[in-house]
Amino acid sequence: MVKKLVLLAVALSTVLAAIPVLASTRPTDITSSASTPDLRVSSSLDQSLSSARVATIQTGSPVSGQLAPGQRHVADGFALEVQGVDISTSLVREGYLELRIAVAYQNNSTSPIPYSATAFAGEYTYPELQIIDDEGVVYPLDRSVADHAVAGSDLPSIPVGLPAHWTVGYQVPETQASDLAIQLVQAGAVLATWDLDAGPVRLEGWTAPDDATEVGVSEDIAWSDGLTVDFHTVYGDSCGDPYSVVSAGNGKVIGTVTSTAITDTLFPNVLYPNIPFYAIWADGSSAHYQNVLDADYLFLDLGDVISGDASKFKPGVEMNSLIFDATVNNVESNEKVIMPPGSEQIFDLEFGLPRDSRLVDPQANPVALYAITPDGVSYWVDLSNAADLNAEFIFGDSFDFDTIKAADRELLEDLTEAFACTESAPVRYLGTIDGLADYRAVTGIGFPEETVELAPEALP
C-alpha cells in the first residue's frame with residue numbers, strides 16, 4: 001500500500017486557524033503535583049460554606065497511612081488506586097488548601113457499572129473517598145460542587161475488567177494540612193487508607209480481562225467472516241496547551257483491515273448500544289470508540305502537499321467536498337464502513353477524553369485496546385510496542401527527507417498534529433478544574449450485589 005500523508009480535510013481547512021489555547025484560572029506547575037502545598041498561588045473568592053457541607057468531626061487522629069500513592073487496594077468486585085495528589089492554595093476559600101487527587105478504579109464485578117464523575121460520593125455500588133486531616137476532621141466528597149469530582153475517562157459504563165479514571169477534589173484548612181490521608185469507605189467501614197505525605201510509587205498497570213484473548217502489535221484478529229484486522233500504530237496528545245488547561249485528550253489507534261470476501265462486507269459492524277473498541281492508558285484513563293476514519297480516502301500525495309500544486313491541493317471547501325463525495329459512497333455510518341471484496345484499508349480509531357496535566361501525562365499514548373467483535377469475542381491488544389504516528393510513519397522510508405527543507409518538514413509535522421487534534425477541542429477551567437462532560441442515559445445494566453469488605457479493626 002502506498003504510504004501517503006494521512007490528513008483529514010477538516011484539518012487542512014483549520015490548520016492555519018490553529019487549535020485554540022484557552023486561558024485557565026491559574027497556570028499549572030506540574031512539578032508541584034506532590035504532597036507539598038504550593039503556596040505561590042494567591043487565593044481568590046472567599047466562599048463561606050456551611051460546616052455540614054464541608055466536614056464532620058471524627059474522634060481521634062488520622063489512621064496511619066497503610067498505602068502510598070500509586071499502590072492498589074484490591075477488594076471483592078473492584079480494585080482502586082489513589083495515584084497522586086496536587087496541593088495548592090485554594091482559589092475559592094481563604095485559609096484553605098485545594099487538594100486534587102488522581103484515582104483509578106477497576107471494575108472486577110460480574111457486570112458493567114455506570115461511569116459517573118461523582119461516583120465516589122457513594123453512587124451506585126461504588127465505595128466512598130474521604131479526606132481526614134491532622135485533627136481528625138473528615139471531608140467527604142461533595143457532589144454538589146461541580147469541580148470537586150471530574151471525569152478522567154469518557155465511558156457510558158465500565159466493562160468488566162476495565163479501569164476508569166477520576167480527579168476528586170477537597171478543600172482543607174491550611175492549619176490542619178500537615179498530615180493528610182485519604183480513606184476508602186464502604187458501608188461505614190474503612191477499607192484502606194493512603195498516606196498523602198508518602199512518596200508515590202510506580203503504577204503497576206493493567207492486564208487483560210479474564211474473558212479476553214491477548215494479542216500483540218500487528219497480530220491478526222479474525223473480526224468477522226472474510227475480515228481480519230491488526231493494530232500497529234498509536235498517537236496520544238492533548239490539544240491546545242495541555243499544561244495550562246484541562247485539555248480534551250486525543251488517543252488514536254491505527255490498524256489495517258483486510259477483506260478476503262467475495263462480496264461487500266461491513267466494518268466494524270458492531271451496532272449501538274454495543275461498543276466495539278475501548279482505549280486504555282497506563283494511568284487507568286479510558287475512552288470508548290467515537291469514530292472510525294477510512295484513511296485510504298484521506299490520503300494526499302506528499303509531493304502535492306510540498307509543491308502546493310493548486311490543482312491538486314486545495315484546503316477548504318473544495319477539498320472537503322471532494323473527500324466527502326469520495327467517502328460517502330463507502331460509509332453507511334460510523335458503525336458500517338463498506339469493505340469492497342479483496343480490499344485492504346488503513347483505518348484510524350478516535351478516542352477523546354479529559355486530561356488533567358497536574359496528575360496525568362496529557363500527551364501519553366494509549367497502552368492497550370479492548371476490542372469486541374460483532375460476535376461478542378473480546379481481544380486485549382497490547383500496544384506497548386506499537387509505532388508512533390509521526391512523519392516517518394506517514395510518508396514511509398521510500399521518501400528522501402533530506403530533500404525537504406526544514407520549514408517544509410516542520411509544516412508536515414504541524415499537519416500531522418493538526419490531523420490528530422481535529423476530533424478534540426480544549427476545554428476551559430470552570431472554577432478550578434473541569435473536563436469534558438457527557439450526559440448518557442444508563443439502561444440495560446444490571447447492578448452487581450453490594451459486597452462489603454470490613455477492615456480488620458471493624459471485625460468482631
Side-chain angles (χ1 to χ4, degrees), residues 70 72 74 78-79 81 83 104-108 112 152-155 158-165 201-224 227-238 249-258 267-268 270 274-293 295 344-353 355 360-390 392-393 420:
R72 184 177 302 178
V74 179
F78 71 90
E81 287 177 353
Q83 297 179 331
Y105 176 98
Q106 183 181 34
N107 175 23
N108 294 330
S153 288
D154 183 25
L155 301 170
I158 310 175
V160 175
L162 292 197
H165 200 271
V201 301
R202 184 181 181 87
L203 302 181
E204 59 183 89
W206 311 96
T207 56
D210 291 340
D211 65 344
T213 299
E214 297 184 52
V215 297
V217 170
S218 298
E219 190 172 339
D220 282 345
I221 294 172
W223 190 257
S224 60
L227 289 186
T228 59
V229 299
D230 70 274
F231 299 94
H232 44 73
T233 306
V234 292
Y235 183 88
D237 201 0
S238 200
N250 178 271
K252 304 173 81 65
V253 181
I254 298 174
T256 302
V257 56
T258 304
F267 177 77
V270 175
N274 296 320
I275 297 173
F277 304 108
Y278 297 84
I280 297 94
W281 278 255
D283 54 43
S285 299
S286 46
H288 74 299
Y289 158 85
Q290 295 185 3
N291 193 18
V292 62
L293 305 177
E344 178 182 274
Q345 294 178 0
I346 291 177
F347 66 96
D348 167 21
L349 301 177
E350 293 283 346
F351 301 93
L353 73 169
R355 304 296 278 159
V360 301
D361 177 0
Q363 297 176 320
N365 294 336
V367 297
L369 181 77
Y370 184 59
I372 304 99
T373 72
D375 293 330
V377 179
S378 59
Y379 293 87
W380 177 270
V381 186
D382 182 353
L383 299 173
S384 57
N385 294 319
D388 283 324
L389 176 64
N390 53 38
E392 284 77 8
F393 167 79

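Keep in mind that what you see is a predicted model, and the values were worked out from it rather than measured.
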Subject >> Counterpart residues, side chain to side chain contact (heavy atoms under 4.5 Å, CB included), relative to Asn274 (two or more places apart) >> reply: Val270
Original post:
So, do Val215 and Phe231 sit near enough that their side-chain heavy atoms are less than 4.5 Å apart?
Top reply: no
Original post:
Of all heavy-atom pairs between Ser153 and Gly284, which one has the smallest distance, and what is that distance?
Top reply: OG-O, 4.0 Å
Subject >> side chain to side chain contact (heavy atoms under 4.5 Å, CB included) partners of Ile275, counting only residues at least two apart >> reply: Pro156, Tyr278, His288, Tyr289
Subject >> Flag side-chain contact, heavy atom, 4.5 Å: Trp281 against Val360 >> reply: no
Original post:
Checking side chain to side chain contact (heavy atoms under 4.5 Å, CB included) against Ser218, which of Asn385, Asp230, Val381 comes through?
Top reply: Asp230
Subject >> Within residues 367-381 or reaching into it, pairs that qualify as salt bridge (charged side-chain N to carboxylate O under 4.0 Å, His left out) - sequence neighbours excluded >> reply: none
**OP:** Look up atom CD1 in Ile280 and atom CD in Gln106, then write down how far apart they are to the nearest 0.5 Å.
**Re:** 10.5 Å
Subject >> Spacing of OH belonging to Tyr370 relative to CH2 belonging to Trp206, to within rounding of 0.5 Å >> reply: 15.5 Å
Original post:
Do any N or O atoms from the side chain of Thr373 and from the backbone of Ala222 form a donor-acceptor pair under 3.5 angstrom?
Top reply: no
Subject >> Pro163 to Ser286 - nearest heavy-atom pair and separation >> reply: O-OG, 2.8 Å
Subject >> Asp283 side, atom CG; Asp361 side, atom CG - distance, nearest 0.5 Å >> reply: 8.0 Å
**OP:** Compare every heavy atom of Ala79 with every heavy atom of Asn108, then report the nearest pair and how far apart it is.
**Re:** ND2-N, 3.8 Å
Subject >> salt bridge (Lys or Arg N to Asp or Glu O under 4.0 Å) partners of Glu204, counting only residues at least two apart >> reply: Arg72
**OP:** Starting at CG of Asp388, measure out to OG1 of Thr233 and round the result to the nearest 0.5 Å.
**Re:** 8.5 Å
Original post:
If you round to the nearest 0.5 Å, how far is OH of Tyr235 from CG of Asp348?
Top reply: 11.5 Å
Subject >> side chain to side chain donor-acceptor pair (under 3.5 Å) partners for Ser384, two or more places apart >> reply: Asp382
**OP:** Could you list the residues that satisfy side chain to side chain contact (heavy atoms under 4.5 Å, CB included) with Thr258, not counting sequence neighbours?
**Re:** Thr228, Thr256, Glu344
Subject >> Partner of His165 by side chain to side chain donor-acceptor pair (under 3.5 Å), out of Gln83, Glu81, Arg355 >> reply: Gln83
Original post:
If you look at every heavy atom in Leu353 and Gly152, which pair is closest and at what distance?
Top reply: CD1-O, 3.6 Å
Original post:
Sequence neighbours excluded, which residues qualify as side chain to side chain contact (heavy atoms under 4.5 Å, CB included) partners of Ala386?
Top reply: Val217, Val234, Leu383
**OP:** Check ring-ring contact (aromatic ring centres under 6.0 Å, His included) between Phe267 and all other residues, then give those that pass, not counting sequence neighbours.
**Re:** Trp223, Phe347
Subject >> Trp380 CH2 to Leu369 CG distance, which is reported to the nearest 0.5 Å >> reply: 9.0 Å
Original post:
How close do Phe277 and Pro268 get, heavy atom to heavy atom, and via which atoms?
Top reply: CE1-CB, 4.0 Å
Original post:
Can you name the nearest heavy-atom pair linking Val367 to Ala282, along with the distance?
Top reply: CG2-N, 3.6 Å
